[in-house]
Number of protein chains: 2
Amino acid sequence: MREEFQAELTELSRLLVTMAEGVRAAMRKATSALLKADRDAAELVVERDVEINHLYRQVEQKVCDIIARQAPVASDLRAVVAALHISADLERMGDLAEHVAKTSLRRHPSPAVPAELRPVFKQMSEVADRMAEKITGVLAEPSVEGAKELETEDDIMDDLERALFKVLLSDDWPYGAETAIDGALLGRFYERYADHAVNSGQQVIYLITGEPVG
Amino acid sequence: MREEFQAELTELSRLLVTMAEGVRAAMRKATSALLKADRDAAELVVERDVEINHLYRQVEQKVCDIIARQAPVASDLRAVVAALHISADLERMGDLAEHVAKTSLRRHPSPAVPAELRPVFKQMSEVADRMAEKITGVLAEPSVEGAKELETEDDIMDDLERALFKVLLSDDWPYGAETAIDGALLGRFYERYADHAVNSGQQVIYLITGEPVG
C-alpha cells in the first residue's frame, strides 16, 4: 500500500511538472508574441491553454482517485491537497499567459507595447521565466530553499511593476489612455503570474515543513 | 457514520456561507469607500480580509479532517473537494474587494473615480452584490437554477465592463492616464469578482449533477 501510494504521488508530481513546463512555455511564447507582434505565436498560446486546463482536470481526477483508493491521512493527505492548490495556481498562470497573448492579438498588427516600454516588459518576462523554471524544479525535487528563492524573484517583479507605472504615469507620457491601460493590465498579468508562482512555492514549503507560510 | 458525514458537510457549508456573506459585505463596503472616498470604510475592508483568509484556512482544515476521518468516496468526496475550490474562489473575491478598497485609499482624499464613471461602477457593484447574494443562497441551499443565474449576471457585468472601457478610451477622455488606468483596473476587479462567483456556481452545479461545467 505504502509503495503504491508513493507511486501515485510520483505520478501526481509528474503531472504538475508537465503543467509547470506548459505555463512556462506559454508565457515565453506570449511575451514573444507581445514584443514582436507575432500573431501566430499569440494564437498558439490561446490554443495550447486548453491542454493546460485539461492537465488541471487530470490532477483533480488523480487526487480524488488517490484519496478514494488510498485514504491518505496526515502528511500524505496534506501532500495531495497541496497538489490540488498548486495545480489551481498553475492553471491560473496559464490563463495569465493567455491574457498577454490576447492583448497582443487585440492590437495586432500594431504592437501592444510601445518601444520605450519593451525593455521593462522584457525584464518582467525574464523574471517570470526564471520563476516558472524554479517552480518546475521544486515540483520535480521539493526544496524549501528553491521555493524561497521565488519570493526574492517576486520582489524584483514588484519593483519592475513600479518602474513600469512610473513611465505610464509620467507627465510626458505620449501614447494616450488606451496604451497606458494596456501597459498597466499587461504589467498586472506578469505580476499576478509571479504571485501564483510564489503561492505554489509556499505549498511546497508547507508540504515539506508542515508549517503554513504567508 | 453516514449521519456524522452529513453533519460534517453541513458544518462545511455553514463555513462557506459565512465566507460568502463576508465577501459580499466586503465588496459593498469597498464600493461605498470608492464612490464616497470614505477612508474608514476602505480601511475596514482591508482589516476584515484577514477574517476571510482565516475562514479559508478553516475550510481547508475541515476538508482534511473529513477526508481523514470519514474517507469519503464518489459523490461525497466530490462534495468536499468542491468545497475546497469554492473557498478558494471566495477567498479571491475577498482579495478583489480589498483591491478596490486599496485603490480608493491610494487616491484618498481625492476620489479614485471621476463623476462620470460613478454610474457604471455603481451598476457593476450592484451586479457584484446580486451575484454574491446568489452564491450565498446556492451554498445554503444548492440549486442548479440558482447557480446558472450567475452566468446571466456575469454577461451583464461583461457588458458593463465594455461600456466602461468605451468611456475610458473615448477621444475626449479628459482625466489623463492615471485615472484611466485606475478605472480599467477597478473594472477588472469587479469583473474578476463576478468570474469567481461564476466558478463557485459551476462547482455547485458539478456537485449536484456530477457533470463538470465550462
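Letters go in sequence order (proteins before strands), and every chain restarts at 1. Hydrogens, waters and symmetry mates are skipped; everything else that's a heavy atom, side chains included, is used.
A side-chain donor-acceptor contact under 3.5 Å links A:Arg118 to the backbone of A:Val113.
Chosen from B:Arg78, B:Glu178, B:Arg192, the residue pairing most often with chain A at heavy-atom distances under 4.5 Å is B:Arg192. Of the listed residues (B:Val73, B:Leu77, B:Thr179), the greatest number of heavy-atom pairs within a distance under 4.5 Å of chain A belongs to B:Leu77.
Here B:Glu98 does not pair with B:Arg48 in a salt bridge; the nearest charged N to carboxylate O distance is not below 4.0 Å. Salt bridge status for B:Asp49 with B:Lys102: absent, with no side-chain N to carboxylate O gap under 4.0 Å.
With a 4.5 angstrom heavy-atom cutoff, A:Tyr175 does not touch chain B via any of its atoms. In this structure, chain A has heavy atoms under 4.5 Å from both the backbone and the side chain of B:Leu168. Using a 4.5 Å cut-off between heavy atoms, A:Ala88 makes no contact with chain B at all. Heavy atoms of A:Ile181 lying under 4.5 Å from chain B belong to its backbone as well as its side chain.
Here the side chains of A:Val100 and A:Leu96 are not in contact, with every heavy-atom distance at 4.5 Å or above.
Under the 30°/60° scheme for interplanar angles, the aromatic rings of A:His85 and B:Tyr56 are found to stand perpendicular.
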